[in-house]
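Down below is the structure, laid out as structure tokens.
Counting convention: from 1, in listed order, for ligands and their atoms alike.
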Amino acid sequence: MINVAELELLQSALARLAEGYEQMPDFTPDFDVDKVTDVIGRVAERMHDNYPYYHPLYAGQMLKPPHAIARIAYAMSLWVNPNNHALDGGKASSALEKECVVELGQMFGWDKPLGHLTGGGTMANLEALWIAGRLRPGKRIIASEQAHYTHKRISEVLGLPFSPIQVDYDGRLKLDHIEDLLAVDDVGTIVATLGNTGLGAVDPLPEILVLAKKYGVRVHADAAYGGYFGLANTLHDHTRAAYDSLTDVDSIVIDPHKHGLQPYGCGCVLFRDADVGHFYKHDSPFTYFSSAELHLGEISLECSRPGASAVALWATQQLYPLQKGGEFAAWLDRSLTAARDFHQSLAASPMYQPLMPPELDIVVYFPTAADAITASKRSREVFAHAAQHHLHLAMIELPVDLVRHYVPDLTANADTLTCLRSVLMKPEHADWLASIINILESYEP
Ligand SMILES: *Cc1c(COP(=O)(O)O)cnc(C)c1O
């Protein structure tokens, strides 16, 4: 689990950090080592009750361990603990954040976006839809039924009407239903999800942009999960087309703490038009914004934010630049391949029924059964059986009609079906597929 080189690197990084403060009179905060030893040991034990997220046999929810570089950089920066609200609180780390945001923008073909890191995808989407509401006051937000539930809730917070858009059997929103909604003339913003959380489906962005233009509405891309996949080399044509047209949306959300190798607390919102910055204007009573240079707190709804997140992300992007054909991109391709191979193995197995071929790296499947109720029961049994064999999966509840599209023989004696869901987001998942399948096939109904 722990590579000792990482701890040695942290120690030498801290020594380098301390060199920058050698001019200060010596001061090292003290603490009671014995007391801390006792408590920290108990904390470590309490942590046993987590699933082993770092391990490739954790093939359930969207959880990917931070890369060592991110962990070291994050931990190292805690000795300074910068706050990226204002430059007074985090001068160096604010500069790193601005550079990270430029690189993230460039990945989407944007030269001068306005953007910053956030606590996560929820906050980032909140800011994007807040700006959407300022530009289209009172107008409706629409997003796919498979979009993250946060959009409906954020719309409530912002006091904006919200409608779900129906999805096709592949989990992508239905264009004719968008057009029905647009015809009513109260829609302000369409949310397109590039990689929805449940199924990993990518909404048809080029066609959405055409409709948006025709009706004069904004397009926000929620790419919290899937944002990085535009770097991959093995996307199917329609998925590629969606990523290539991200340049034309109004705002984008991407979560470096999902596929970007970062610890939690790292989302990002980007606006194509930097002018929207004026909506953030506030009159701080503090003499806090002490220079004419941009303080990130002037363009962010959150005030205090961890400089550590920016430090970790910057280090990671140095080591793994966001480039097509690079090492980071190759890892994304490995995840795509792992998901496709896993889907094929399940399709070849008499014991399991996979649903749609994965568009990204999420595979949904269930144990073969004659009817929906039995299939759901077996999914829950497989979930428990696999966990006993140290394979950790996730479950998703899907409309039975969607499932029957892929398995027409299934008797629909319930409205929904509990399926198994595996997010194969670690590059190492590809090497562990045989073990995963073995454990799945050792289940006996
Ligand atoms: C994860 C996710 C969110 C929510 O982001 P958090 O980082 O969990 O706050 C929103 N949209 C999509 C598509 C996501 O995958």
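Atoms of ligand 1 lying under 4.0 Å from at least one heavy atom of D222, given by number and element, are 10 (C), 11 (N), 12 (C), 13 (C). Atoms of ligand 1 found under 4.0 Å from any heavy atom of T122, numbered from 1 in the order shown, are 4 (C), 5 (O), 6 (P), 9 (O). Which parts of ligand 1 touch T197 is read off a 4.0 Å heavy-atom cut-off, strictly below it: atoms 12 (C), 13 (C), 14 (C), 15 (O).
Ring pair H55/W432 is perpendicular by interplanar angle, where above 60° counts as perpendicular and below 30° as parallel. Relative orientation of the Y53 and Y51 rings is perpendicular, given thresholds of 30° and 60° on the angle between their planes.
In plain terms, the two heavy atoms of P161 and G138 that are nearest each other are CD-O, 3.5 Å. The two residues M395 and L420 have their closest heavy-atom pair at CG-CD2, 4.1 Å. Residues N84 and S93 share a closest heavy-atom pair of OD1-OG, 2.6 Å.
For the residue pair Q146/R172, the side-chain donor-acceptor check at 3.5 Å is not satisfied.
Classification of K174 and D203 as a salt-bridged pair fails, no side-chain N sitting under 4.0 Å from a carboxylate O.
The heavy atom nearest to atom 15 (O) of ligand 1, out of those in H259, K258, H148, Q146, is found in K258.
G121 N, 3.3 Å is the protein heavy atom nearest to atom 6 (P) of ligand 1.
Heavy-atom distances between N196 and ligand 1 stay at or above 4.0 Å for every pair.
With a 4.0 Å cut-off on non-hydrogen atoms, V253 does not touch ligand 1 at all. Counting heavy atoms closer than 4.0 Å to ligand 1, residue M123 contributes nothing at all.
Residue H257 has at least one nitrogen or oxygen atom sitting less than 3.5 Å from a nitrogen or oxygen atom of ligand 1, judged on distance alone.
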